[in-house]
Amino acid sequence: MALMSISNTPKTATLDDASPIGRTLARAFDDDPMMRWFFPDDATREAGLGRYFATIFTRQYVRHGVCEHTPAAAAYWVPPGAQDKAVPDAETIQELTAILGDQAPLFQQAVEAAAGHGPQEPHWYLAVLGADPTVQGQGHGAALLRSGLAKADADGLPVYLESSKPSNLPVYEHFGFTVLGEVQLPGGGPTLWAMRRAPRPTSETA
């Protein structure tokens, strides 16, 4: 089926979707400043990103979060009450360390820096959202974003995320997010922008 005609209707992801979702997100995040920092080698980045996104999907988010996808995009959400569970355990950390290689210490520092700025109020957290650049503009990412925002609005709760790609900030602002602040990652890493979206009546989801 041609990419031009694939449906962008979100579906719940299962463990069987780990590999294709990993490949989709690897393409989506190839130009992301933070992921280029974690995976600086152009020759191995796509494979490394694929393993990274498939691993955190399989070991964290599909178990404790809400994961949805289209044929060309994916989103990992963490609902309220699951934040303490959707964190890497010792085995996951070991797997990610093997995937990241020399960059593993930087990754750990970045995770800790971001966690230190996390919200204290009950909320939904958008951990990952990405669409294959070959379908950019066809509404795949927006459909996944609307789906998660509708769930948060139904709960009457805000949504938080961190973006490391400046060009994504206006996109999120269009959906009602505002920038709370900037987090400079240690070790000369890129900037993360912490963003929050207040809950809306469900009829008003962008």
Side-chain angles (χ1 to χ4, degrees), residues 3 6 8 13 15-62 65 67-78 86-115 125-138 140-142 144-145 161-172 182-195:
L3 284 176
I6 59 177
N8 61 15
L15 279 171
D16 291 338
D17 300 311
S19 292
I21 283 177
R23 290 192 296 269
T24 292
L25 291 173
R27 291 189 290 269
F29 282 86
D30 180 72
D31 65 345
D32 182 89
M34 186 168 70
M35 290 303 165
R36 283 186 165 248
W37 187 49
F38 293 152
F39 297 93
D41 186 345
D42 291 343
T44 60
R45 182 179 305 116
E46 184 170 349
L49 283 172
R51 290 175 61 202
Y52 167 79
F53 284 115
T55 297
I56 62 173
F57 171 82
T58 300
R59 297 196 59 88
Q60 294 171 240
Y61 295 109
V62 79
C67 297
E68 295 186 322
H69 69 124
T70 74
Y76 304 169
W77 299 82
V78 183
V87 295
D89 59 19
E91 287 185 28
T92 306
I93 291 172
Q94 191 173 7
E95 285 191 36
L96 293 177
T97 298
I99 293 168
L100 288 152
D102 293 343
Q103 302 302 102
L106 291 176
F107 175 78
Q108 186 64 33
Q109 292 171 24
V111 169
E112 292 171 357
Y125 174 62
L126 177 54
V128 176
L129 173 64
D132 189 320
T134 61
V135 299
Q136 192 167 11
Q138 295 180 30
H140 287 261
L144 290 169
L145 186 54
L161 62 82
E162 297 101 17
S163 177
S164 59
K165 193 172 180 182
S167 61
N168 283 343
L169 302 184
V171 177
Y172 289 125
E182 298 180 11
V183 181
Q184 185 66 44
L185 295 181
T191 299
L192 286 181
W193 285 269
M195 304 188 80

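Computed from a predicted structure; not experimentally measured.
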May I ask you to test the Leu129-Leu144 pair for a side-chain heavy-atom distance under 4.5 Å?
yes

Once ring-ring contact (aromatic ring centres under 6.0 Å, His included) is applied, do any residues pair with Phe38, and if so which ones, sequence neighbours excluded?
Phe107

Val62 to Ala13 - nearest heavy-atom pair and separation
CG2-O, 3.9 Å

Using atom types as modelled, flag every donor-acceptor pair under 3.5 Å from a side chain in residues 47-55 to any protein atom, sequence neighbours excluded.
{"from": "Thr55", "atom 1": "OG1", "to": "Arg51", "atom 2": "O", "distance (Å)": "2.7"}

Report yes if the side chains of Leu161 and Trp77 come closer than 4.5 Å at any heavy-atom pair, otherwise no.
no

Donor-acceptor pair, Asp30 side chain versus Arg45 backbone, under 3.5 Å?
no

Can you confirm whether Glu162 sits close enough to Leu126 that some side-chain heavy atom of one is under 4.5 Å from a side-chain heavy atom of the other?
no

So, using side chain to side chain donor-acceptor pair (under 3.5 Å) as the criterion, who are the partners of Glu182 when residues are at least two apart?
Trp193

Apply side chain to side chain donor-acceptor pair (under 3.5 Å) to Gln94 and list each qualifying residue two or more places apart in sequence or on a separate chain.
none

Mind listing the side-chain donor-acceptor pairs of residues 20-28 below 3.5 Å, one per line with the distance, residues two or more places apart or on another chain?
{"from": "Thr24", "atom 1": "OG1", "to": "Pro20", "atom 2": "O", "distance (Å)": "3.1"}
{"from": "Arg27", "atom 1": "NE", "to": "Asp132", "atom 2": "OD2", "distance (Å)": "2.5"}
{"from": "Arg27", "atom 1": "NH2", "to": "Asp132", "atom 2": "OD2", "distance (Å)": "3.3"}

Under the side chain to side chain donor-acceptor pair (under 3.5 Å) definition, can you give me all pairs with a residue in residues 97-111, not counting sequence neighbours?
Gln108-Glu112

Kindly compute the distance separating CG (Leu15) from SG (Cys67), expressed to the nearest 0.5 Å.
9.5 Å

With sequence neighbours excluded, residues passing side chain to side chain donor-acceptor pair (under 3.5 Å) with Asp41
none

Do Trp37 and Leu185 make a side-chain contact, defined as non-hydrogen atoms from C-beta onward lying under 4.5 Å apart?
yes

Would a 4.5 Å heavy-atom cut-off, applied to side chains only, mark Ser164 and Thr191 as touching?
no

Within the 4.5 Å heavy-atom criterion, are Phe57 and Val128 side-chain neighbours or not?
no

Output for pair (Met34 CE, Leu106 CG), nearest 0.5 Å, gives 12.0 Å

For Thr92, side chain to side chain donor-acceptor pair (under 3.5 Å) partners two or more places apart
Arg59, Asp89

Hey, what do you get for CG (Leu192) to OG (Ser163), rounding to the nearest 0.5 Å?
8.0 Å

List the steps and the verdict of side chain to side chain contact (heavy atoms under 4.5 Å, CB included) for Asp31 and Lys165.
CA-CA 9 Å; Asp31 65 345; Lys165 193 172 180 182; 2.9 Å; yes

Scan side-chain atoms only and decide if Asn8 and Thr70 contain a donor-acceptor pair under the 3.5 Å cut-off.
no

